[in-house]
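To start, the structure itself, in structure tokens.
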Amino acid sequence: MINQLQSLGHKALDFFQRLGRGHILIVDVLKGQPALFFRPRLIIQQLYSVGVLSLLIVVVSGFFVGMVMGLQGYNTLVDFGAEESLGVMVALTLVRELGPVVTALLFAGRAGSALTAEIGLMKATEQLSAMEMMAVDPIRRVLAPRFLAGFISMPLLAAMFSAVGVLGGYFVGVGLLGVDEGAYWSQMQASVDLYEDIYNGVIKSIVFGFVVTWIAIFEGYDAIPTSEGVSRATTRTVVHSSLAILGLDFILTALMFN
Amino acid sequence: MDENKTLVKVRDLKFARAGRMIFDGVDLDIQRGKITVIMGPSGTGKTTLLRLIGRQLKPMQGSISVDGEEVTTLGHRRLYELRKRMGMLFQNGALLTDLSVFENVAYPIREHTNLSDELIRTLVLMKLQAVGLRGARDLMPAELSGGMARRVALARAIALDPMMIMYDEPFTGQDPISMGVLVRLIRNLNDALGLTSVVVSHDIEEASSIADYIYLLSGGKVVAHGTTEDLANSDSEWAQQFMKGKPDGPVPFHFQSQPYTDDLNI
């Protein structure tokens, strides 16, 4: 009994210590941001590996999700004779929900895990220590540009996802199932609101980008410097990010659309 | 000891990790311009000592001063200024794996100066020439042997012309030729560049051949110190065991355990 309590207490302490370290780290990373404006090359490099390299999976997934929504939506709407509203349905679902959420989940799996593994391995092979001893602060030199790149990439990727998804819906709905093209676009144009729908979706993706990248760089930096430690940190990044995304999505949706 | 001649001064150093006391009142002095070797069995915290001197770790108690500055209490900015004057060679080299040999050596110069590319090129080639790897400048770290990686790391460590270099187990896992190369390099660089070198090692023969002064650490304390000759002729049983590599003696062969018969339930 005492042992169980002890181990519970130990776990709780461990959790709060990690939480504390995570917050200290993000403050340091944010403090390192202004200096990055003088070294754009660092950000461009990371934008490429975090953002551009995630583009393919995001675009392909977006297209398929859009196509599935075209099929499912058509089958439901046609029963009510409302198949011309397919465009609105596809667009709203994507912009409000699926765009930010699915992109963030893919982003955590593709870019987040890569960030954690890279930083964790740099730690395990003493590259971060070597930087410290060369008087180069790894938080500013390695973590800060990666964080900024993730933060910038995520909303852009979510926008791409939604845009390609709308095209996927168009391809199935208009191209294959014969929904009227004019209705698809014009109803979408009339019903999707810039502030209510698009801005809120963008805010979601910005929040997700912040949180996923934060978790990824923290897990890498805090990883136990062994191969097992890095592998566990990578798994944790994907699991924690996914849970954070879904939890935050509920909270944000409740705040925005109620 | 003359104050000006001492570059690093460690006093009453105490440090514990995971509930185990690693240093329990260590005092040592590292003289300018000399090669000081710190020896001791594996697990005595030799590497930890280097990390404490570079303030990658903070001691529980005691003082460590480097070039007159107390590193245990230095602020971030001053610590980084001090580190620019310290080089450290990690056990596996710790090269940045996504940069070529040339870029690795250029890295600290690019980070800390605004020199032109042409000047950086000249400097890097000079440093690589010093370690005999000018021809390997375009290779990636993954293409280097262990000994070569350490030499590149050494070129990187001297890139900013530091006042001291700390070597973490430079001879471990090296074939006899690279070992010979490294031994000669450490001595030559120390004398040619007027460096102060701290070498952490348990390779007695190689380390004593270049040492100007040796500290022997065990059980969290300095058990003996002196020149190679002093230690070879020392009365300390411990020093004798270590220097001659005897398997049993004051440092027991067996790790601390309960009696053998109890363990076997006899």
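So you know, we letter chains A, B, ... as the sequences are listed, proteins then strands, and number each from 1.
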**Item:** For the student: nearest non-hydrogen atoms of A/Ala135 and B/His112, plus distance
**Value:** O-CE1, 3.0 Å
**Item:** Side chains of A/Met122 and B/Thr97 in contact at under 4.5 Å (non-hydrogen atoms)
**Value:** no
**Asked** Roughly how far, to the nearest 0.5 Å, is OG of A/Ser129 from CG of B/Leu50?
**Response** 12.0 Å
**Request:** Against chain A, label B/Arg51 side chain, backbone, both or neither, depending on which of its atoms sit under 4.5 Å from a heavy atom there.
**Result:** side chain
**Asked** Counting only heavy atoms not in A/Arg232, do more than 12 fall under 6.0 Å of its CZ?
**Response** no
**Prompt:** Should we say atom CZ of A/Arg21 is surrounded by more than 12 heavy atoms from elsewhere, each under 6.0 Å from it?
**Reply:** yes
**Request:** Counting only heavy atoms closer than 4.5 Å, note whether B/Leu89 contacts chain A via side chain, backbone, both or neither.
**Result:** neither
**Item:** Residue B/Arg121 excluded, over 12 heavy atoms near CZ under 6.0 Å
**Value:** no
**Prompt:** Is atom CE of A/Met160 surrounded by more than 12 heavy atoms (other residues, nucleotides or ligands) closer than 6.0 Å?
**Reply:** no
**Asked** What do you reckon, is CD of B/Gln258 surrounded by more than 12 foreign heavy atoms closer than 6.0 Å?
**Response** yes
**Item:** Closest non-hydrogen atom pair, B/Phe90 against A/Ala130
**Value:** CE1-CA, 3.4 Å
**Message:** Quick check for you: to the nearest 0.5 Å, what is the distance between A/Met131 atom CE and B/Arg83 atom CZ?
**Reply:** 13.0 Å
**Prompt:** Checking heavy atoms, do the side chain of B/Arg156, its backbone, both or neither come under 4.5 Å from chain A?
**Reply:** side chain
**Item:** Enclosure of A/Phe210 CZ (heavy-atom neighbours >12, cutoff 6.0 Å)
**Value:** yes
**Message:** So that I can tick it off, tell me whether A/Arg141 and B/Glu111 are bridged by a salt bridge, with the cut-off set at under 4.0 angstrom between side-chain N and carboxylate O.
**Reply:** yes
**Residue pair B/Gln56 / A/Met133, side-chain heavy-atom distance below 4.5 Å** = yes
**Asked** Heavy-atom count around B/His76 NE2 within 6.0 Å, excluding the residue itself: above 12?
**Response** yes
**Request:** May I ask you to check whether over 12 heavy atoms, not counting those of B/Arg110, lie within 6.0 Å of atom CZ?
**Result:** yes
**Request:** To the nearest 0.5 Å, tell me how far A/Gln127 CD sits from B/Leu99 CG.
**Result:** 8.5 Å
**Request:** Count the heavy-atom pairs under 4.5 Å between each of B/Leu79, B/Leu95, B/Leu82 and chain A, then report the option with the highest count.
**Result:** B/Leu95
**Item:** Interatomic distance, A/Gln45 atom CD to B/Asp98 atom CG [nearest 0.5 angstrom]
**Value:** 7.5 Å
**Prompt:** chain B: which of A/Thr125, A/Val136, A/Leu121 shares the most heavy-atom pairs with it under 4.5 Å?
**Reply:** A/Val136
